[in-house]
Visitor: 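Got a structure for you, written out below as C-alpha cells; questions coming shortly.
Computed from a prediction, not measured in an experiment: that's the story for all the values here. Heavy atoms only: backbone and side chains are in, while hydrogens, waters and symmetry mates are out. Each chain gets a letter, A, B and so on, in the order its sequence line appears, and its residues count up from 1.
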Protein chains: 2
Amino acid sequence: MAASPSETTSPEIRVAVDLIVLTLREGALSVLLIQRDDEPHRGAWALPGGFIAHGEDLEDAAYRVLSDEASLGSGAVHLEQVRTFGTPGRDPRGHVVSVAFMALGADLPDPRRGEDVADARWWPLSDLCAVTLAFDHATVLDSAVERARSKLEYTTLAVTFLPEEFTVSQLRGVYESVWGTTLDAGNFHRKATRTEGFLEELDRYAAPTGGRPARLYRAGAGTSLVPPLLRSGD
Amino acid sequence: MAASPSETTSPEIRVAVDLIVLTLREGALSVLLIQRDDEPHRGAWALPGGFIAHGEDLEDAAYRVLSDEASLGSGAVHLEQVRTFGTPGRDPRGHVVSVAFMALGADLPDPRRGEDVADARWWPLSDLCAVTLAFDHATVLDSAVERARSKLEYTTLAVTFLPEEFTVSQLRGVYESVWGTTLDAGNFHRKATRTEGFLEELDRYAAPTGGRPARLYRAGAGTSLVPPLLRSGD
DNA sequence: GCAAAAGTGTTAGGTGTACACCCATGA
DNA sequence: TCATGGGTGTACACCTAACACTTTTGC
C-alpha cells in the first residue's frame with residue numbers, strides 16, 4: 001500500500017499487500033524499505049506494497065511487488081502471510097485493507113529503485129529505532145519480525161536465510177542474529193544435526209576461516225522442528 | 001462472506017469477514033454453521049460471514065456478524081484473526097477477499113436464525129466429514145482449528161472455552177476435546193496449577209459429581225504458558 | 001464399605017546447559 | 001608451535017511420563 005492509484009480518498013474499500021522483506025546483511029537482520037516519492041508520507045520510509053488488481057491472487061500480488069518495487073525475483077524467497085490490517089484511518093487515501101506478507105531470503109541483492117520510489121535500501125532493524133515509518137508500518141513490521149523470531153523455534157525456516165549449502169555455524173549465526181542472543185556452539189551443533197529432517201549432510205567442507213574446516217549441509221526435507229529450539233539459551 | 005449485497009459478479013474487489021465460532025458442546029469441539037438461503041451454494045452449510053462496510057474496522061465487522069448472524073453478543077468471546085483468503089474464484093459472485101476470524105467461547109447458546117439464513121446450528125467437528133461446506137470454507141475452518149489446537153499448547157487460551165469459574169478437570173476436558181487425546185489427570189493437575197499465571201485458586205469447591213469435590217479456579221493474569229503443554233501426551 | 005473423582009508422591013528415563021576437551025586447518 | 005573455529009564428551013540439573021497412592025465425596 002504505497003504507490004499505484006494515486007487518487008484522493010476513494011469511496012470504495014481497496015485491498016493492498018505490504019511486504020516485510022527480511023534478510024541478513026553482514027550478520028544483521030535487515031528489512032527492505034522504500035522511501036516514498038508521493039503523498040501521503042512523501043519522503044518517509046515505508047514497506048514496499050501495492051494495491052491488488054481485480055482478479056489477482058494475494059500471493060501473486062506479493063510476488064509482483066517484490067519484483068516491481070524491490071527488483072527481487074521470486075527465486076529463493078520464502079513468502080508467508082502474516083496478518084491483515086484494516087483499521088479505517090490507517091491510510092489517509094481512504095479505507096485500505098492491507099494483507100501483510102513476510103518474505104525471507106538469503107543475502108538478497110541491493111534493490112534497484114522502482115517507480116514512485118525516491119530510494120530503496122536495506123535497513124538493519126537495530127537502526128530503525130530512530131526512523132518513523134509511514135502509515136502503521138512500524139506495527140506491521142513488528143508483527144512480522146516477531147512471527148519470524150518465533151517460527152525459527154519450531155520450524156526449519158532459518159535455512160531460508162542461507163544459501164543452498166551452508167555450515168552449522170552459519171545456521172547458528174542466523175539464530176543469533178534474528179534472536180539477538182548468543183548460543184552455545186557445541187550444543188547448537190548437536191541439536192541441529194540430530195534433529196530429524198532439519199539438515200542433510202554433504203560430503204564436502206567449507207573453505208577454512210582460520211580453524212578446522214566446517215562440514216557443509218543443505219536444508220533437509222522436514223519443515224517442523226521437534227523438539228523445538230527455544231530462544232532462552234540453548 | 002455469506003449474505004448482504006446479492007448482486008452477481010461485481011467488478012470491484014470486496015472485503016469480507018468469515019467467522020469460525022468454536023465452542024464445546026457436550027464435550028465435543030463444535031463450530032457454528034449457517035445454512036445458506038441464497039445463491040450461490042443455496043442450501044449448503046457455510047461459515048457465518050459478511051461484507052465489511054466502508055469505514056468499518058475488520059474486528060467490528062466480525063463482532064457485527066457474530067451478533068447478526070449468530071445472535072451471539074460480544075460478551076465473553078475471544079476473537080482472533082486467523083488468515084486472509086483471496087484467491088480469485090473462491091466466490092462465484094466476484095473477487096472477494098475474506099479475513100477469517102476465530103471466535104472462542106464458553107458453551108455458547110443455540111443461535112437464533114438471522115436474515116438470509118435457512119438454518120443455523122452447532123456442528124461437532126467430528127460430524128463434518130460427511131458435510132461439504134460452501135465456498136472454500138472447509139479450508140478456512142481447518143486453518144482455524146489447527147490454530148486453536150496449537151495455541152492451547154503455549155497460551156492460556158483454553159480457559160476461553162470455560163465459564164468464569166471452573167475445575168482443573170474441566171480444563172483438562174478442554175484440552176482432551178480440542179486435541180482429541182487423553183491426558184494423565186495427575187500430571188495435568190500439577191502442570192496446570194503450577195504454571196505461573198495460568199490459574200487463580202479460589203476458596204470454593206464445585207458440587208461433587210460422584211467423587212471428591214474439585215477446587216474451583218478462575219483464569220489467571222498470564223497469557224502465555226511457560227513451559228508449554230505439549231500435545232504428545234502429558 | 002465401595003466406587004469415583006480429586007489431588008499428591010515417587011521414580012526411571014530423557015532433555016537441556018555448561019563447559020571441558022579433542023580435531024583440523026592457516027600462519 | 002600457536003591461534004582459531006569445528007565438533008564431541010560428560011556431568012549435573014531439571015522435566016516428563018507412568019503409575020501408585022491418599023483424600024473426599026455419594027450411595
Visitor: Can you measure A:Arg194 atom CZ to C:dG16 atom C1' for me and round it to whole angstrom units?
Guide: 13 Å
Visitor: Consider the side chain of A:Asp184, meaning its heavy atoms from C-beta on, and name the nucleotide among C:dA18, C:dG7, D:dA18 that approaches it most closely.
Guide: C:dA18
Visitor: Take atom CG of B:Leu225 and atom C1' of D:dC15, then tell me their distance rounded to the nearest Å.
Guide: 15 Å
Visitor: Taking atom P of C:dG7 as reference, at what distance in whole Å does atom CG of B:Leu216 sit?
Guide: 9 Å
Visitor: Looking at A:Asp110 and A:Arg25, is any side-chain nitrogen of the basic one under 4.0 Å from a carboxylate oxygen of the acidic one?
Guide: yes
Visitor: From D:dG7, C:dG16, D:dA18, pick the nucleotide closest to the side chain of A:Arg212?
Guide: D:dG7
Visitor: Rounded to the nearest angstrom, tell me the gap between atom OH in B:Tyr205 and atom P in D:dG26.
Guide: 14 Å
Visitor: Here's a test of your reading of the structure: between B:Arg172 and A:Pro213, which maps to the more 5' nucleotide of DNA chain C?
Guide: B:Arg172
Visitor: Any heavy-atom pair between the side chains of A:Phe188 and A:Leu171 that's under 4.5 Å?
Guide: yes
Visitor: Return the value, rounded to whole Å, for the distance between atom CG of A:Leu199 and atom C1' of D:dG7.
Guide: 14 Å
Visitor: Any side-chain N or O of A:His189 below 4.0 angstrom from OP1/OP2 of D:dG7?
Guide: yes
Visitor: Under the criterion salt bridge (Lys or Arg N to Asp or Glu O under 4.0 Å), I'd like the reasoning laid out for A:Arg83 against A:Asp136: C-alpha separation, chi angles, the key distance, then a yes or no.
Guide: CA-CA 13 Å; A:Arg83 231 191 92 183; A:Asp136 54 357; over 6 Å; no
Visitor: Starting at atom CG of A:Asn187, determine the distance to atom C1' of D:dC12, rounded to an integer number of angstrom.
Guide: 13 Å
Visitor: How far does NE2 of A:His189 sit from CG of A:Leu199, to the nearest 0.5 angstrom?
Guide: 9.0 Å
Visitor: Rounded to whole angstrom units, what separation is found between the CZ atom of B:Phe188 and the C1' atom of C:dG7?
Guide: 13 Å
Visitor: Within the modelled atom types, does a donor on one side and an acceptor on the other bring the side chain of A:Arg190 and the base of D:dG9 under 3.5 Å apart?
Guide: yes
Visitor: Give the ring-plane orientation class for B:Phe135 versus B:His137, where under 30° counts as parallel, over 60° as perpendicular and anything between as tilted.
Guide: tilted
Visitor: In whole angstrom, what separates B:Arg215's CZ from D:dT24's P?
Guide: 12 Å
Visitor: So, does B:Ser169 get its side chain near the phosphate of C:dA6, meaning an N or O under 4.0 Å from OP1 or OP2?
Guide: yes
